[in-house]
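The structure under discussion appears below in the form of structure tokens.
Predicted, not measured: the structure shown is a model, and the values here were computed from it.
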Amino acid sequence: MARVLALVFIFSLAGCVKRPEPAAPLLLQNAEIRQDTVWQGQVVIDGSVKVFKGATLTLLPGTDVAFVPRDADRDGLGDAVLIVEGSLHAEGTRGNPIRFHSAAAIPKPGDWLEIRIDFSRHTYLRYCEIRDSAYTLHAHFTRGLMEDCAVRHNIDGCRLGQARFVIRNSLFEHNQGKGINFRNSTVDIRGNIIRYNGSGIFLFENDRAIAVSGNNFYGNQENFRLGDFYTGDVALSGNWWGTADREEAGRTVFDRKYDPTIGTVTLQPAGAWISGTGPREALALKDAWTFPVGGYVDASPRVLGDALFTGAWDGRLYAQNRAGGTRWSRDLEDVIDSAVAVDERAVYVQTWGREVFALDRYDGRELWRQSYEASPADDHRQGGVVRAGDLLLVPAWNGTLFAFNRSDGARRWSYASGHALRATPLVVEDRVYLADSGGTLTALDLNGAPLWRQRLAAGLLAAPALIPDGVVVVDREGTLTAFDRAGEFRWQRHLQQVSYYGAPVVEGAALYIGTAGGTLWKLDVETGAPVWSLDGLGPVYATPLVTEGRLYIGDNDGVLHVVGTDNGDLLAAFPAAGAIQSTPVFYQGRLVFGSRLGAIHALDVEGVHVPGDKSELLEPDVEEHDEGVPHSHSGEAEDLRPAGVPILY
């Protein structure tokens, strides 16, 4: 039998209410909510929770709602459900979102049923992540607003019927069926990114005005689909469909051209990717410390444990702490312009003196050193050393890849490519990918034996990057070329701008790269098709850092840029005064990079509040009659947080 939830925690102190510290997860089994209630912390739903008419359920930022995956009726879908007939107010923040997800250790779409909302006049979701469900948000006869949310890995991303909904600045991705599915609803769908779903938007049937504009669609099996019995025509303008070409965009829409019994969708596509889409974010970059050194800092910092290791043109290798203090430094007597490698025992680095060092990572003592022969190519820049099992791989100016024992520096093998090596080798499981300045990409086994070679049209100065079942490399003319593991050609993309030392970075289904022409690109990793580009940067010689939906990259104008990976929007910028050719790294919560100002910089990255807009929810309702069911509303704004509200932990 369902039970009434009424947990009230009141602690008086000088006339104020004091909330208790977060406790163990709140377990709700077939529960009823009949009065205004607040959730925060961890909530576990096993069965159903129902919010009755007249009650408001408010979720505070950071609330985590997990649904136990039970399938008592054996229909293949989880039974757990949150039912709302009153009001729902779930407002997280970019840095502290609200999550609705499966409680399973290995979650999958359909583990829980849905958030079902019926006859609600106030439903507001902001900065929520909803995943692992069957139908996500399933609303009927409801007025609601969803903004800045991420809806992913469900069967359907939402189902709306006889509803009035605004869906904006949200991300719908990797939903097996439909991203957005609606019938007979007044919808305003704008500013969203809708990608990698079965159908991006599915219009089952409709007798009302719809607004679908300013969205970016790509990678869906069908970007837009009409239902089997929808015979009307639909005109959509101002969306990007993965292409600006109207005919090509039309092929991504399922309408009369594929089924003669349904209507026609007419498109007026946007000419390019639409900025300002998807969940919104703003950042502030604040100087934490600057550590001056005696020369350029082009080498990318490396982190292991609680220490930061960076080489500089002054010939010193620096080990630092979070505050920027020096643990130790070691003078190696010649320029260091490439990244080190680190293991539990040692830090490894090569210098312009053609020497390779292993130093104790705790105090900088020399453990061993090696050297290699000079060549006419001895000049800026060197490739970084890299670990491969018990080996240290060293790409040399003279065109030789050396393999040394990490333990004692003994030479195990070498491979002569024939051209200077200025890029860090890529080590993947049982092989090494080596790019040389003559334009040859070589795959080697871990004994240095070549597996295959591919010659490109221009020299290769940047490290290769791993893609699914293959590798991609950029040449100095700005041409990206992808090969499979066997060395067979996959795809090629000409960026039309030169590219020097900045390597591509692959994250998920996307590839990111900056060019010396000052453009930052996002491309589809499977096809090389452009998703978005951002112009206006200074010349980029650096490889970006991509993490947690953000891309960090410096340019030769001395500016560190932070860009949203989903939408290509510039989130923040920091002027460092000297050219930035190193890849930033996060070290104990701070962003660290080097510059040609002759310094190592550390920044604090802080979120900035982006205001939402609930005006659509506060406007008076127009009287509606849906399928014989009358709706009325006073038009007054509801008090979502009255004094004495129960707080559920």
Side-chain angles (χ1 to χ4, degrees), residues 135-136 146 151-152 154-161 163 165-275 277-278 509 522-524 526-532 566-567:
Y135 308 126
T136 310
M146 171 189 283
V151 179
R152 54 170 64 102
N154 304 283
I155 294 177
D156 280 352
C158 78
R159 289 186 171 189
L160 306 177
F165 243 87
V166 176
I167 300 174
R168 65 168 171 243
N169 287 102
S170 292
L171 172 64
F172 290 80
E173 65 175 354
H174 299 293
N175 299 293
Q176 293 178 349
K178 298 95 174 175
I180 301 173
N181 176 10
F182 65 92
R183 61 184 292 270
N184 293 338
S185 295
T186 301
V187 297
D188 184 352
I189 301 171
R190 65 180 184 272
N192 302 287
I193 299 173
I194 303 170
R195 65 189 184 194
Y196 307 125
N197 306 285
S199 297
I201 292 181
F202 182 84
L203 175 52
F204 184 75
E205 60 184 23
N206 210 49
D207 56 4
R208 308 173 196 192
I210 65 171
V212 179
S213 185
N215 304 285
N216 289 308
F217 295 81
Y218 70 98
N220 304 289
Q221 293 179 26
E222 304 143 348
N223 282 332
F224 194 94
R225 181 179 182 125
L226 295 181
D228 293 345
F229 305 105
Y230 192 95
T231 58
D233 295 334
V234 178
L236 301 174
S237 64
N239 299 287
W240 188 75
W241 304 92
T243 175
D245 182 86
R246 185 184 303 182
E247 184 176 342
E248 187 177 344
R251 288 195 289 269
T252 71
V253 173
F254 188 94
D255 62 357
R256 184 170 295 163
K257 63 181 167 290
Y258 297 111
D259 182 348
T261 67
I262 61 176
T264 297
V265 179
T266 303
L267 303 181
Q268 292 287 342
W273 176 268
I274 301 167
S275 62
T277 52
K522 176 179 180 176
L523 301 102
D524 184 283
E526 293 290 345
T527 65
V531 177
W532 54 253
D566 287 330
N567 54 22

Residues in ring-ring contact (aromatic ring centres under 6.0 Å, His included) with Y230, at least two apart? none
Any side-chain heavy atom of [X] within less than 4.5 Å of one from [Y]?
| X | Y | result |
| --- | --- | --- |
| I167 | N192 | yes |
| R152 | L171 | yes |
| T277 | W240 | no |
| V187 | L160 | yes |

Side-chain (T243) to main-chain (W241) donor-acceptor, under 3.5 angstrom: no
Ignoring hydrogens and geometry, is there a side-chain-to-backbone donor-acceptor pair from D245 to E247 under 3.5 Å? yes
Working to the nearest 0.5 angstrom, can you tell me the gap between [X] [atom1] and [Y] [atom2]?
| X | Y | atom1 | atom2 | value |
| --- | --- | --- | --- | --- |
| C158 | F172 | SG | CZ | 5.0 Å |
| F224 | L267 | CZ | CG | 9.0 Å |
| F254 | D228 | CZ | CG | 7.0 Å |
| N223 | S199 | CG | OG | 9.5 Å |
| N197 | N220 | CG | CG | 5.0 Å |
| M146 | I180 | CE | CD1 | 8.5 Å |

Donor-acceptor contacts, no H, no angles, side chain residues 258-266, under 3.5 Å, sequence neighbours left out:
| residue | atom | partner | partner atom | Å |
| --- | --- | --- | --- | --- |
| Y258 | OH | R251 | O | 3.1 |
| D259 | OD1 | T261 | N | 3.0 |
| D259 | OD1 | T261 | OG1 | 2.7 |
| D259 | OD2 | T261 | OG1 | 3.4 |

Between H174 and Y196, what is the ring plane arrangement, given parallel below 30°, perpendicular above 60°, and tilted in between? parallel
List in chain and number order the residues that pass side-chain hydrogen bond (donor to acceptor under 3.5 Å, both in side chains) with [X], two or more places apart in sequence or in another chain; answer none if no residue qualifies.
| X | answer |
| --- | --- |
| D188 | R190 |
| Q176 | none |
| S185 | none |
| R159 | D156 |

Just jot down the salt bridge (charged side-chain N to carboxylate O under 4.0 Å, His left out) partners of D255, sequence neighbours excluded, or say none. K257
Under the salt bridge (charged side-chain N to carboxylate O under 4.0 Å, His left out) rule, collect the residues that match up with R195, sequence neighbours excluded. E173, D566
Side chain to side chain contact (heavy atoms under 4.5 Å, CB included) partners of [X], counting only residues at least two apart:
| X | answer |
| --- | --- |
| N169 | D148, R280 |
| V212 | I189, I201, I210, N215, F217, L236, N239 |
| F204 | N181, R183, F202 |
| Q221 | none |

Using the rule given for side-chain contact (heavy atoms from CB on, under 4.5 Å), can you reason through R208 versus N184, listing the C-alpha separation, both sets of side-chain angles and the distance that settles it, and then say yes or no? CA-CA 6 Å; R208 308 173 196 192; N184 293 338; 4.3 Å; yes
Identify the heavy atoms of G271 and A244 that sit nearest to each other, and give their distance. O-CB, 3.2 Å
